[in-house]
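Please read the structure below before turning to the comments.
For clarity, every value in this text was computed on a predicted model and none was experimentally measured.
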Amino acid sequence: MKRFVTVIAALVAMVSAYSQNTDLLERMYEDVSDSCVEMTYTYSTRMYGTKTVGSGNLVAQGNLWHMDGNGLQMWCDSEDVWVVDSKSKEVVIEPAAGGGSGYTSNPALLFINLQNAFKVSTARDTDDGGAMLYVLVPQVECPFEYANVVIRKSDASITSGSFILKDGNVLDITVSSMKCLPKKPESEFRPKTSFGQDWIVTDLR
C-alpha cells in the first residue's frame with residue numbers, strides 16, 4: 001500500500017511538473033494571439049547538402065503579416081499575398097493559400113503557427129536555466145518531423161527554433177528581437193505602392 005501511494009504521488013508530481021513546463025508556452029501563445037507581433041530574425045537552411053542563410057523582419061497579426069528581408073517585401077491580408085521586388089520593379093500577387101506564404105521564404109511564420117500545427121512532446125529547462133526548450137511534434141499533416149523551440153522565461157519570447165523535416169533537412173531560426181504590440185488596422189498588411197506601367201505585375205489570383 002505504501003509503495004502504491006508513493007507511485008501515485010510520483011505520477012501526480014510528474015503531471016504537475018509537465019503542466020508548469022507548458023505554462024510558458026501557453027503564455028507565449030496567448031501573447032501572440034492578443035497582439036501584433038514584431039520579430040527580427042536570421043535563419044539558415046540545410047537542404048540536400050546546400051546551406052542557405054537569410055534574415056528578415058516580420059510583423060504578424062493572426063492571418064495578417066508583412067515581411068521585409070533578402071531584398072523582398074511580402075504582404076498578406078489573409079486573402080491575397082503580394083511578393084514585391086522593389087529594385088527590379090516586379091510583383092507577384094497570388095491567393096494566400098498559394099506558395100507566397102511558404103516557410104522557406106518567410107520562415108518566422110512557423111512561430112506564429114506553432115499552436116495550430118504542433119503539440120508538446122517534451123519540455124525542459126535550458127542549461128543556463130533562463131529559458132525552456134520545447135520539443136514539438138506535428139498534430140497536422142506537414143513536412144516536419146519535429147521542432148525544438150526555446151522560449152525565454154522572463155518575457156515568454158521566442159529566442160530560437162530548429163525545424164527538422166521528414167527528409168532530414170533542417171531549418172534553423174534565431175530571433176534577435178520579439179515584441180508584442182497593439183494590433184494594427186488590416187490596411188497595414190497591404191502594400192501601399194502603386195504598381196504602375198513601369199512595373200512587371202504577375203497576378204495569379
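Expressed to the nearest 0.5 Å, how far CG of L171 lies from OG of S44 amounts to 7.5 Å. The CG atom of L25 sits 14.0 Å away from the NZ atom of K119 when rounded to the nearest 0.5 Å. Atom CZ of F144 sits about 5.0 Å away from atom CG of L165, to the nearest 0.5 Å. Put simply, CG on N63 and CG on N113 are 7.5 Å apart, with the number rounded to the nearest 0.5 Å. In this structure, S176 OG and Y41 OH are separated by 10.5 Å, a value rounded to the nearest 0.5 Å.
Judged purely by atom type and a 3.5 angstrom limit, E94 has no side-chain atom pairing as donor or acceptor with the backbone of L204. Formation of a donor-acceptor pair under 3.5 Å by the K166 side chain with backbone atoms of C142 is found in this model. Checked by atom type and distance alone, the side chain of D80 never pairs as donor or acceptor with a backbone atom of C76 at under 3.5 Å. With hydrogens and angles ignored, the 3.5 Å screen pairs no side-chain donor or acceptor of H66 with any backbone N or O of R190. Under the 3.5 Å distance criterion, the side-chain polar atoms of D85 are matched with a main-chain donor or acceptor of S88.
S162 and N148 are not linked by any side-chain donor-acceptor pair at a separation below 3.5 angstrom, with hydrogens and angles left out of the test. Between the side chains of R152 and T159, not a single donor N or O lies within less than 3.5 Å of an accepting N or O.
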* To do: Carefully, step by step, assess L58 and L109 under the rule side-chain contact (heavy atoms from CB on, under 4.5 Å).
  => CA-CA 8 Å; L58 174 70; L109 279 177; 4.3 Å; yes
* Asked: Yes or no on salt bridge (charged side-chain N to carboxylate O under 4.0 Å, His left out) for R46 and D172, after CA distance, side-chain angles and deciding distance?
  -> CA-CA 9 Å; R46 298 190 295 277; D172 294 317; 2.9 Å; yes
* Asked: Between D203 and R205, does a salt bridge (charged side-chain N to carboxylate O under 4.0 Å, His left out) hold up when you go through it step by step?
  -> CA-CA 6 Å; D203 194 334; R205 293 173 293 183; 2.6 Å; yes
* Passes side-chain contact (heavy atoms from CB on, under 4.5 Å), W82 versus F189? Steps please. -> CA-CA 10 Å; W82 293 261; F189 300 93; over 6 Å; no
* Could you check N70 against Y43 for side-chain contact (heavy atoms from CB on, under 4.5 Å), going step by step and ending with a plain yes or no? => CA-CA 11 Å; N70 297 330; Y43 70 91; 2.8 Å; yes
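Here the closest non-hydrogen pair linking Q61 and K184 is OE1-N, 2.7 Å. Considering all non-hydrogen atoms of both residues, P138 and E145 come closest at CD-O, 3.3 Å. Closest non-hydrogen pair, V149 versus L136, comes out as CG2-CD1, 4.0 Å. Closest heavy-atom contact between S78 and A96: O-CB, 3.5 Å. For F111 against G161, the heavy-atom pair with the smallest separation is CZ-N, 3.8 Å. Minimum heavy-atom separation, S194 to W199: O-NE1, 4.0 Å.
At least one side-chain heavy atom of Q73 sits under 4.5 Å from a side-chain heavy atom of S86. With a 4.5 Å cut-off on side-chain heavy atoms, L64 and E186 count as touching. Counting heavy atoms from C-beta on, the side chains of K179 and V37 never come closer than 4.5 Å. In this structure, the side chains of T22 and L24 stay at 4.5 Å or more apart for every pair of heavy atoms. Between V150 and I158, the closest side-chain pair of non-hydrogen atoms is not below 4.5 Å.
Annotation for Y146: atom OH does not count as buried by contact number, only 12 or fewer foreign heavy atoms lying within 6.0 Å. Crowding of D125 atom CG: a count of heavy atoms from other residues, nucleotides or ligands under 6.0 Å exceeding 12. Within 6.0 Å of NZ on K183 lie more than 12 heavy atoms contributed by other residues, nucleotides or ligands. For K153, the NZ atom sits in a packed shell: over 12 heavy atoms of surrounding residues, nucleotides or ligands are nearer than 6.0 Å. Within 6.0 Å of NZ on K192 lie more than 12 heavy atoms contributed by other residues, nucleotides or ligands.
If you chain together ILVMFWY residues whose side-chain heavy atoms come under 4.5 Å of each other, I200 ends up in a group of its own.
V59 and V84 are members of different hydrophobic clusters when ILVMFWY side chains are connected at heavy-atom separations under 4.5 Å. Criterion: ILVMFWY side-chain heavy atoms under 4.5 Å apart, direct or through other members. Under it, V120 and L114 are part of a common hydrophobic cluster. The hydrophobic clustering, which links ILVMFWY residues whose side-chain heavy atoms are closer than 4.5 Å, places W75 and W65 apart. Residues V91 and L72 do not share a hydrophobic cluster, clusters being chains of Ile/Leu/Val/Met/Phe/Trp/Tyr side chains in contact below 4.5 Å. Linking ILVMFWY side-chain heavy atoms closer than 4.5 Å, directly or via other members, places L110 and I112 in a single hydrophobic cluster.
Within the structure, side-chain hydrogen bond (donor to acceptor under 3.5 Å, both in side chains) pairs that include any residue of residues 26-40 comprise T40-N57 (at least two apart or interchain).
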